[in-house]
There are 4 protein chains.
Amino acid sequence: MTRGRPRDTAIEGRLLAAAAEELRRGGYEGLSIDRVAERAGVAKTTLYRRWASKAELVVALIASMREEIPFEPSDDPRGDLTTLVVTIAAGLSSTPTSLIADLAAASARDPRVGESVRALWADRHGAVTAVVAKAQQAGIVLSHVAPAVLVDQLVGPLYYRLLVTGEPLTPDYARTLMLSVLGPEESP
Amino acid sequence: MTRGRPRDTAIEGRLLAAAAEELRRGGYEGLSIDRVAERAGVAKTTLYRRWASKAELVVALIASMREEIPFEPSDDPRGDLTTLVVTIAAGLSSTPTSLIADLAAASARDPRVGESVRALWADRHGAVTAVVAKAQQAGIVLSHVAPAVLVDQLVGPLYYRLLVTGEPLTPDYARTLMLSVLGPEESP
Amino acid sequence: MTRGRPRDTAIEGRLLAAAAEELRRGGYEGLSIDRVAERAGVAKTTLYRRWASKAELVVALIASMREEIPFEPSDDPRGDLTTLVVTIAAGLSSTPTSLIADLAAASARDPRVGESVRALWADRHGAVTAVVAKAQQAGIVLSHVAPAVLVDQLVGPLYYRLLVTGEPLTPDYARTLMLSVLGPEESP
Amino acid sequence: MTRGRPRDTAIEGRLLAAAAEELRRGGYEGLSIDRVAERAGVAKTTLYRRWASKAELVVALIASMREEIPFEPSDDPRGDLTTLVVTIAAGLSSTPTSLIADLAAASARDPRVGESVRALWADRHGAVTAVVAKAQQAGIVLSHVAPAVLVDQLVGPLYYRLLVTGEPLTPDYARTLMLSVLGPEESP
DNA sequence: ATATAACCGAGACGGTACGTCAGGTCTTAGG
DNA sequence: CCTAAGACCTGACGTACCGTCTCGGTTATAT
């Protein structure tokens, strides 16, 4: 079925490592395909066989850098949600802002990149959505609005602060968001 | 004291106008210094005499793009807020997304650009904050969270959809946000 | 061993042809790298891959321009010499003066260019030298001076008029030179 | 008659000195008008008021660098001529070759420059012509050719060597030229 | 004494070219 | 079918230079 010389599996790792180093130094703009290939000791063609553009390379890079968020929903939707939002905020603020902005820009320019980038956030946001729905069913949360909207109001402000106002994403801020969206916890 | 030929004051305007048009079409990356100069009917050197790089040009451009949004608060904070959010959403969705993303990216890279860009949104967001504060005082809105956070939850989702999820910014969506944040209107 | 895509051999020719045309029109100063590349239907980088600067391009160009002048010595050295000098004069005056001057200037600046340029004239001057030597042996010409000096006195005035005094190089003038150097023809 | 503020006579000297230094370092191409003006502590306009172009500046510079050749014709045309040719050769070889070539090139491009440059050589060559004519009248030199042609054969080879073949201009060579043109001196 | 004309410094301006760099595609030889 | 190497195209970048121009301000001479 698959004939010919197989891909050297080690190459991908070397390329991503090289790209990571480049990204670390000069950001998205400072990342040069030529330099990445050279640093990895690989021909440019070999890189392009794996990712069709600089944007895709970076998407893959980010994807590889992201640690799986092992998330086990408990019986406490409110607690779960807080954990999730705090984790997302932490993840965002530990990534160079310009990178995230660049990914957004690349997404806006090229729909295919957009798809990849959205896939990048997908599981985090999916997890949030799931928990919010669960909370709604449990009656903890206002049910007169769609869960997607609540998610937007939990996660959107994080990106907003990051990309627009430039204010910091502290865990406290994340918890305040929770409070505002879910309302104060009822004392039993 | 030492003067020399004064700068042609009309040129700066023509350059910024040309740059604005370029930016509108192709975003930050698509803005070419050569084309800007040509479109303005000016030598490239004349442009570089004013701004030392593409980045500086864009900073100045953004600063110059800031338009006043005449907003007259009425006695109905809820109505005012809806108008504002819908207007902001309309403004955002009528601007090329990539441009907004590029501005965010440029902001993240260069603090000076960030300052300019934030100033760009300042009026609008300021108006929202003012009205939210007023609504809180009138008891229309939950008062257990800072007004700034409520603003984030009204405006943030707009940018989030625009830059991250790519979903459309309909007036309906804006109204739904309002509903979620302020709660359903009380029937008198 | 390490190959890569081979250079397109046709390109060099096209570039040199384009450069020759440019040189013919505007001399060294008028030769624009951008125009040469454009005329050759080639990217500027492709040109720079071959020659690192305008000067190097011109060196190569001159080297390539060297044409053979088929000259068959007869039994009549005096006639041969006249033919040669008249031909050289005609060649010189049909070439734009500024080009020749530019070549001289470039030669003076860069020894490598000088070498190329000298090689350019080599055949012609070599032929003159040969015939002069032959004429000396035949006793037609003064033998108390080295043939090289006589050649200088036949060819030098041509360049002198061209580059210094600006006077025209007529065939008559060439013949007058001959007469002065060889003396009047003896009537048999 | 001549109203207005008179030119500052010191400036011309400073400009020429600055230009000379520039020329010494980088040749004609390396001479930058801006730098000359700056080095002379003078505005560019002030320079252009004196010379209309870089070429004219250089012409004036050369003219200013040329020392008067005080030449007193004696009763010995042969000796006079030798002196003259040797002096000219010395003058030429003490000037950077590229400069002379550049002047020739500039002359070919611009007739006005040509005129200036020719004026530069005028008196030297005029002196040679005068002495040659005198020698012809005295019967020392072949009279079947115009004096101008003999001059060309004495002076032309100097420029030829300088600009074309690149061979050195030794006093010996100058004397050999003399010998060839005038013939061996008759022993009385 | 007061125009007036030409000077001077400073620097903007248009135009043209330079050489470099980046992203992406294509071509060849070899594994 | 992959890899390596590198040529190629497109297009932009920022710099340098030339020669012109437009200022404010400074001398001189001519009226």
Side-chain angles (χ1 to χ4, degrees), chain A residues 1-8 11 29-38 41-55 57, chain B residues 1-9 11 29-38 41-54, chain C residues 1-9 11 29-37 41-54, chain D residues 1-9 11 29-38 40-57:
Chain A
M1 187 80 94
T2 57
R3 270 182 302 186
R5 174 172 175 178
R7 287 202 181 167
D8 184 334
I11 285 180
E29 287 217 328
L31 183 156
S32 146
I33 296 275
D34 291 76
R35 268 202 304 273
V36 169
E38 189 192 352
V42 147
K44 220 174 17 163
T45 341
T46 303
L47 188 158
Y48 273 104
R49 194 167 294 111
R50 285 163 174 75
W51 304 285
S53 69
K54 179 171 164 175
L57 165 61
Chain B
M1 183 93 85
T2 58
R3 288 297 257 282
R5 175 174 175 176
R7 292 204 177 161
D8 184 335
T9 51
I11 285 181
E29 289 216 327
L31 185 156
S32 145
I33 298 275
D34 289 78
R35 268 203 305 276
V36 168
E38 190 191 352
V42 146
K44 211 170 32 160
T45 37
T46 301
L47 189 158
Y48 274 104
R49 198 168 294 115
R50 284 164 176 73
W51 305 286
S53 69
K54 186 170 158 173
Chain C
M1 184 92 82
T2 58
R3 289 297 256 280
R5 175 175 176 176
R7 292 204 178 160
D8 184 334
T9 51
I11 284 180
E29 289 215 327
L31 185 156
S32 146
I33 297 275
D34 290 76
R35 268 203 305 274
V36 167
V42 146
K44 211 168 34 159
T45 36
T46 302
L47 188 157
Y48 274 104
R49 197 170 295 114
R50 285 164 173 77
W51 305 286
S53 69
K54 185 170 160 174
Chain D
M1 186 90 84
T2 58
R3 269 184 302 186
R5 173 175 174 177
R7 290 198 180 164
D8 183 334
T9 51
I11 286 180
E29 288 216 328
L31 183 156
S32 147
I33 296 276
D34 290 77
R35 268 203 305 273
V36 168
E38 191 192 351
V42 147
K44 221 175 18 164
T45 342
T46 303
L47 188 158
Y48 273 103
R49 196 169 294 114
R50 287 162 173 75
W51 306 284
S53 70
K54 181 171 163 175
E56 288 198 16
L57 165 61

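By convention in this document, chain letters (A, B, ...) are assigned in the order of the sequence lines, proteins followed by strands, and residues within each chain are numbered from 1. Please read these numbers as outputs of a predicted model, since none were measured by experiment.
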Nearest to the Arg49(C) side chain among dG23(E), dC8(F), dT3(F), which nucleotide is it? dC8(F)

Proximal nucleotide (of dG9(E), dT26(F), dC13(E)) relative to the Asp8(B) side chain: dC13(E)

Answer with yes or no whether [X] presents, from its side chain, a donor or acceptor under 3.5 Å of a partner atom in the base of [N].
| X | N | result |
| --- | --- | --- |
| Ser53(B) | dG14(F) | no |
| Lys44(A) | dG6(F) | no |
| Thr45(B) | dA12(E) | no |

Residue met sooner reading DNA chain F from 5', once Lys54(B) and Pro6(B) are mapped to nucleotides: Lys54(B)

Here's a test of your reading of the structure: between Arg35(D) and Ser32(B), which maps to the more 5' nucleotide of DNA chain F? Ser32(B)

Separation of Arg49(B) CZ from Arg7(B) CZ (nearest 0.5 Å): 7.0 Å

Report which part of the nucleic acid Leu57(A) touches: base, sugar-phosphate, or nothing (heavy-atom distance under 4.0 Å, all strands). nothing

Under 4.0 angstrom, heavy atoms only, what part of the nucleic acid is Gly41(D) near: base, sugar-phosphate, or nothing? sugar-phosphate

Length of the CG-C1' vector between Leu47(D) and dA10(E), whole Å: 15 Å

If I take atom CD in residue Glu29(B) and atom P in nucleotide dA22(E), what distance separates them, rounded to the nearest angstrom? 14 Å

Walking DNA chain E from its 5' end, the first of Ala43(B) and Arg5(B) to be reached, judged by nearest nucleotide, is Arg5(B)

Is [X] close enough to [N] that one of its side-chain N or O atoms is under 4.0 Å from OP1 or OP2 there?
| X | N | result |
| --- | --- | --- |
| Arg50(B) | dC13(E) | yes |
| Thr46(A) | dA4(F) | yes |
| Arg7(C) | dC26(E) | no |

